[in-house]
Amino acid sequence: MMEVLIFATLNGLVTGLLLFMLASGLTLIFSMMGVLNFAHASFYMLGAYFAYSISLYTGFWPALIFAPILVGALGALVERYGLRRVHKSGHVAELVFTFGLAFLIEEAVQFFWGRATKSYRSPDILDFPLFTLFGQNFPAYKAFMIFISIGIFIGLYFVLTRTRIGIIIQAAITHPNTVANLGHNVPLIFMGAFGVGSGLAGLAGVIAGPVLTTFPGMATVLGSIVFVIVVIGGLGSLAGALVASLLIGLLQSYAIASNVGMPDLLNLLGVSFERDHPLNDIWRLTLPQIAPIMPFLLLVIVLIFRPSGLFGKRES
Amino acid sequence: MSLLQLEGVTKKFGQTEIIRDVNLTIKQGEKHAIIGPNGAGKSTLFHLISGRYPVSSGSIHFKNVPIHNRKPFEITRLGLARSFQVTNIFPLLSVFENIRCALLWSMGYKYSFWHLLDRQRALNEKTESVLEEIGLHDRRNFPAGELAYADQRALELGVAIACGAEMILLDEPVAGMSHSEARNAVALIRKITEGKTLIMVEHDMNIVFDVADRISVLVYGEIIASDVPEKIRGNPRVQEAYLGEAVEKPLIDSTGGGESA
Amino acid sequence: MRKAIIWILFAIVLIVLPLIFDSILSISIFNQMCIAIVFALSYNMLLGQGGMLSFGHAVYFGLGGFMAVHALMKIEYEEMYFSVTFIPLIGGVFGLLAAAFIGSFSTHKAGTVFAMISLGVGELIAASSLILVSFFGGEAGVSGDRTYGPTFFGYDFAQDIQVYYFAAAWMFVATFFMYLFTRTPAGRMANAVRDNAERAEFIGYSARRVRFISFMMAGFFAGIAGGLFAMNYEILTEENLNAATSGRVLLMAYIGGLGFFIGPIVGAVVLTLINSLLSNYTDLWLLYLGIMFLLTVMFLPRGLTGFLMMHTVPWQLGKLRTLAIPYTLTAIPSAVFLLSILAMLEMGHSMDSDFSFFGVALNPASYGSWIGLIIISSAAFFALRLTLPRLRSAWAEANTLPAVVSETVTTEGQQ
């Protein structure tokens with residue numbers, strides 16, 4: 001039991017931090033530009049694919065550096081030539097644009113790389129168990145993922161709060177016009193922010209690809225969960241995104257690891273139902289079964305009781 | 001009979017007090033102006049009365065019914081309408097549709113999806129007459145967002161009064177208008193608020209002294225004076241608020257042709 | 001009076017269409033169009049008319065459809081005596097109930113929050129449908145048979161042509177009622193709330209209530225579309241509830257044009273054609289659809305209908321003809337550019353060395369083909385850029401009112 005708890009917690013932490021890496025970029029872009037980037041998870045997918053292709057020639061480590069940069073550059077281009085043009089048509093048009101972009105990127109990935117799953121593997125140097133507890137291994141690569149994630153956040157926090165550009169960005173988030181009037185090139189800042197946000201998503205893809213498998217559907221799988229996180233945490237709140245990411249990562253992990261389900265609950269209550277009872281499906285539900293839909297269940301519950309999310313601010 | 005009563009109304013945003021302990025009584029049929037330096041909180045006061053913001057403390061009663069902290073649509077349905085300082089109409093709808101929508105609730109249509117609007121004679125006739133009154137009849141099919149500024153202000157006014165409210169709040173109705181436009185607007189305001197109660201926020205002193213029965217002066221969220229126009233003119237505290245010091249001679253020519261302070 | 005003529009013409013077209021195009025494929029495409037039109041129009045009640053962007057509208061379509069199939073099964077096993085002609089109504093009612101439940105907590109805000117809630121709810125229900133096997137049938141879905149139950153004036157729905165007239169009739173009626181809705185207080189206030197939700201509150205309306213009503217109406221008509229789907233295909237699966245279907249209806253409405261009532265109709269027709277015909281010619285049709293969608297969002301934000309409507313002013317001014325030459329001059333390099341890009345994409349996708357594009361033999365392995373296409377496309381692109389200024393000035397000219405020297409202008413200036 002203890003080992004299940006420890007490993008489930010660790011795995012949940014890995015997933016949660018990864019989700020936060022995606023959610024934080026999304027939140028930053030939303031706070032600054034008011035647009036929820038549907039294609040954010042697509043940049044994550046591109047990061048994995050670029051890293052895969054680069055690693056075929058150079059191995060994992062150069063890919064870790066260059067793939068996110070490529071994705072970030074692509075993101076900046078998208079902002080400059082696509083999003084900026086659509087910006088004047090309003091928020092709805094921007095959302096629809098990023099939705100179309102997500103669609104296009106998924107098709108483009110299938111065009112260039114095909115539909116099969118890519119065998120993008122973690123580097124051999126990290127391919128050992130970090131520790132063994134109660135007979136189960138915890139791969140060093142996962143620990144590496146945790147360290148990278150935490151390192152990125154510390155770096156991001158440092159840049160945002162201690163450097164000049166960070167302060168300018170913080171100001172531009174709430175008062176872009178004032179910042180422009182002070183002489184800063186706000187469009188350039190936006191392009192840079194979008195690029196960095198996308199690059200971060202790409203980085204998440206680079207390190208997650210080996211673990212979560214690299215295939216054309218990886219953006220859709222993660223994409224909706226990331227949006228759910230951002231809404232549950234409260235649109236525009238980084239703290240909320242962190243809490244929601246960890247919450248969902250851990251909850252899913254525990255759900256998958258456990259074998260508890262409705263039958264156990266019903267047994268406890270001494271209730272049982274016929275085999276062909278109309279609601280039989282619900283009575284036979286187990287936690288591992290509902291693990292994939294837990295984020296959405298949580299979303300609906302949170303929104304019913306707290307419409308602005310956990311840490312929600314006023315909608316921009 | 002007092003129509004609107006504010007008692008001890010306070011509004012804080014975070015730690016900052018914008019409205020401090022405001023007490024105000026408006027009688028039925030009164031034309032009341034609220035003046036004060038910029039940033040005094042006049043628009044905020046309107047937002048509190050019309051339901052856009054909740055009060056931090058205190059109470060607001062309209063027709064002896066508490067309206068503080070209620071939703072704007074509930075307050076409007078009780079008979080209190082307002083216009084906005086920054087034009088706030090329905091830009092994609094035509095001028096005609098703007099007015100017609102403003103009339104819908106007061107004519108009892110509620111959320112009906114079984115009445116065909118074009119067939120409602122009384123509704124359409126009333127819309128036409130409101131359009132005539134505000135002088136926009138010949139532009140009835142223009143998308144509201146494409147009107148000239150003064151016309152948009154007239155439409156703004158029209159939407160506010162169309163629903164036949166007993167009390168109308170006008171927030172700087174002639175802001176940004178030229179002299180002649182403002183003159184026309186004031187004549188329009190007087191015409192359409194006949195028999196109704198009016199609260200107006202305004203900077204132009206000529207208009208204020210022309211229209212108002214009583215004036216309240218709001219400075220830093222407090223009402224420092226509330227009286228008939230003549231008494232306000234000579235009030236040293238009011239002069240101090242505007243000029244920084246009291247003066248001996250009244251600055252404003254009582255014959256109404258002078259310059260504003 | 002003019003409006004009545006349009007409706008009559010519409011009805012005539014619907015009646016006559018299968019007599020002109022009478023192949024099995026055509027009838028099948030028409031049926032798909034009818035379903036798509038009702039679905040897309042219901043979606044536009046939310047987006048174009050209400051300003052509510054939903055990423056989960058397929059839920060009401062799918063739920064309505066599933067309920068309809070279950071009803072078909074009940075009729076087949078004689079547990080219910082009901083003419084299948086009214087099956088779409090069952091779909092509609094179930095869609096309405098679902099929308100009433102989901103709308104109760106999701107219509108408080110419009111904008112981004114609404115979009116995200118719709119996405120989450122859509123995913124939740126689509127995923128749940130694989131778990132709740134008894135109602136949704138798991139991966140295989142639920143299937144039924146429409147040929148049972150009492151016949152309707154001799155219709156037993158065994159033939160496709162009967163299904164067409166059935167679908168067309170329902171589509172006509174649904175379109176008519178959705179049109180009428182836009183002319184009611186609830187429909188108009190939906191527009192007002194879209195334009196300025198705050199001001200709508202200050203004229204006595206709860207913006208939330210207005211949105212909720214639109215939401216339920218949209219759910220009702222989406223359910224009807226689902227019922228039509230059930231009758232046409234006799235099977236519903238999880239795919240009909242999922243995000244891809246929701247995305248498809250968004251595409252239809254957007255490409256057709258959100259700001260016009262007929263926009264979604266245009267979008268539904270165009271997208272159904274692309275869906276059924278283009279997919280026969282190329283594997284890459286989804287990629288092209290994505291590109292087309294993105295280009296529409298960037299360059300034609302008012303959709304195809306909007307693009308056509310842009311020409312009303314020149315037409316009224318009688319200047320439409322002046323655009324003919326500039327359009328042709330721009331169209332030729334555009335077409336060349338487009339075709340060369342398509343050739344490169346198709347060539348890159350195909351592995352054959354004897355690949356041919358519209359009769360021109362190209363070899364994916366040789367550099368010659370690639371270099372040739374790159375040169376052609378670049379040249380076409382630059383030629384295209386060169387024609388744009390002329391198009392722009394012709395367009396401005398075609399929209400200018402003829403100069404009128406007015407005496408009132410001079411007298412006003414002297415006041």
Side-chain angles (χ1 to χ4, degrees), chain B residues 46-47 50-52 70-84 86-94 96-120 123 143-145 155-156 158-165 169 180, chain C residues 1-4 45 47-51 96 103 107-108 176-221 258-260 301-302 306 309 313 412 415:
Chain B
F46 265 21
H47 293 331
S50 61
R52 199 181 192 198
R70 292 184 81 168
K71 294 250 168 79
F73 61 86
E74 293 173 321
I75 299 174
T76 308
R77 291 178 193 171
L78 288 172
L80 194 159
R82 70 166 290 181
S83 77
F84 287 79
V86 178
T87 310
N88 208 6
I89 50 181
F90 305 109
L92 296 178
L93 296 179
S94 71
F96 184 84
E97 296 280 8
N98 266 266
I99 300 290
R100 186 158 71 173
C101 283
L103 283 169
L104 283 176
W105 190 270
S106 58
M107 294 193 74
Y109 285 98
K110 298 212 169 64
Y111 300 99
S112 150
F113 49 87
W114 53 88
H115 288 100
L116 284 180
L117 286 172
D118 294 330
R119 296 251 188 99
Q120 308 302 310
L123 174 68
L155 181 60
E156 174 74 38
V159 171
I161 59 119
C163 45
L169 273 51
S180 58
Chain C
M1 198 44 219
R2 218 180 99 204
K3 297 248 172 81
M45 288 175 101
L47 184 53
Q49 286 155 29
L96 175 67
T107 49
H108 289 282
F176 185 67
F177 280 111
M178 284 194 265
Y179 179 71
L180 285 186
F181 180 74
T182 65
R183 309 189 85 73
T184 62
R188 249 322 156 239
M189 282 312 297
N191 296 142
V193 166
R194 170 200 66 196
D195 281 5
N196 193 340
E198 187 186 40
R199 199 57 199 280
E201 301 245 319
F202 283 100
I203 59 173
Y205 277 90
S206 160
R208 192 251 156 176
R209 214 39 181 337
V210 171
R211 279 189 218 118
F212 190 26
I213 291 178
S214 290
F215 196 79
M216 286 194 284
M217 287 288 172
F220 175 70
F221 286 104
L258 298 173
F260 305 92
R302 298 179 71 204
M309 290 300 184
V313 172
E412 256 178 30
Q415 259 173 358

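Protein chains get the first letters and strands the later ones, always in sequence-line order, with residue 1 at the start of each.
Only the side chain of C:Phe181 comes within less than 4.5 Å of a heavy atom of chain B; its backbone N, CA, C and O stay farther away. Interface residue B:Ala160: backbone and side-chain heavy atoms are both found under 4.5 Å from chain C. Looking at B:Cys163, neither its backbone nor its side chain comes within 4.5 Å of chain C, counting heavy atoms on both sides. In this structure, chain C has heavy atoms under 4.5 Å from both the backbone and the side chain of B:Ala102.
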C:Arg188/B:Glu97 under salt bridge (Lys or Arg N to Asp or Glu O under 4.0 Å): CA gap, chis, key distance, verdict: CA-CA 8 Å; C:Arg188 249 322 156 239; B:Glu97 296 280 8; 3.0 Å; yes

Chi angles and distances behind the side chain to side chain contact (heavy atoms under 4.5 Å, CB included) call for C:Asn191, B:Leu93: CA-CA 8 Å; C:Asn191 296 142; B:Leu93 296 179; 3.8 Å; yes

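Aromatic ring pairs are classed by plane angle as parallel below 30°, tilted from 30° to 60° and perpendicular above 60°; the pair B:Phe84 and C:Phe202 is perpendicular.
Residue B:Tyr111 qualifies as enclosed at atom OH: its count of foreign heavy atoms under 6.0 Å is above 12.
The heavy-atom pair separating C:Ile203 from B:Val159 by the smallest distance is CG2-CG1, 3.7 Å. Contact record, B:Phe113 with C:Ala186: CB-CB, 4.1 Å, taken as the closest heavy-atom pair.
Here the CD atom belonging to C:Glu201 is positioned 9.5 Å from the CD atom belonging to B:Glu74, to the nearest 0.5 angstrom. The structure places CG of B:Leu117 at 11.0 Å from CG of C:Leu180, a figure rounded to the nearest 0.5 Å.
Among B:Asp118, B:Leu103, B:Leu104, the residue with the largest count of heavy-atom pairs under 4.5 Å with chain C is B:Leu104. Ranked by heavy-atom pairs shorter than 4.5 Å toward chain B, the options C:Ala207, C:Ser206, C:Ala200 are led by C:Ser206.
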Between side-chain atoms of residues 209-218 of chain C and protein atoms elsewhere (two or more places apart, or another chain), which donor-acceptor pairs fall under 3.5 Å?
| residue | atom | partner | partner atom | Å |
| --- | --- | --- | --- | --- |
| C:Arg211 | NH1 | C:Thr107 | O | 3.2 |
| C:Arg211 | NH1 | C:His108 | O | 3.1 |

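Legend: salt bridge (Lys or Arg N to Asp or Glu O under 4.0 Å) pairs involving residues 105-114 of chain B, not counting sequence neighbours: none detected.
When B:Trp105, B:Phe73, B:Tyr109, B:Phe90 are each tested for a ring pair (Phe, Tyr, Trp, His ring centres under 6.0 Å) with C:Tyr205, only one passes: B:Trp105.
Side-chain contact between C:Arg183 and B:Arg119 is absent, with no heavy-atom pair separated by less than 4.5 Å. Taking the side chain as every heavy atom from C-beta outward, C:Asn196 and B:Ile89 never approach each other to under 4.5 Å.
In this structure, B:Asn88 contributes its side chain and C:Arg199 its backbone to no donor-acceptor pair below 3.5 Å.
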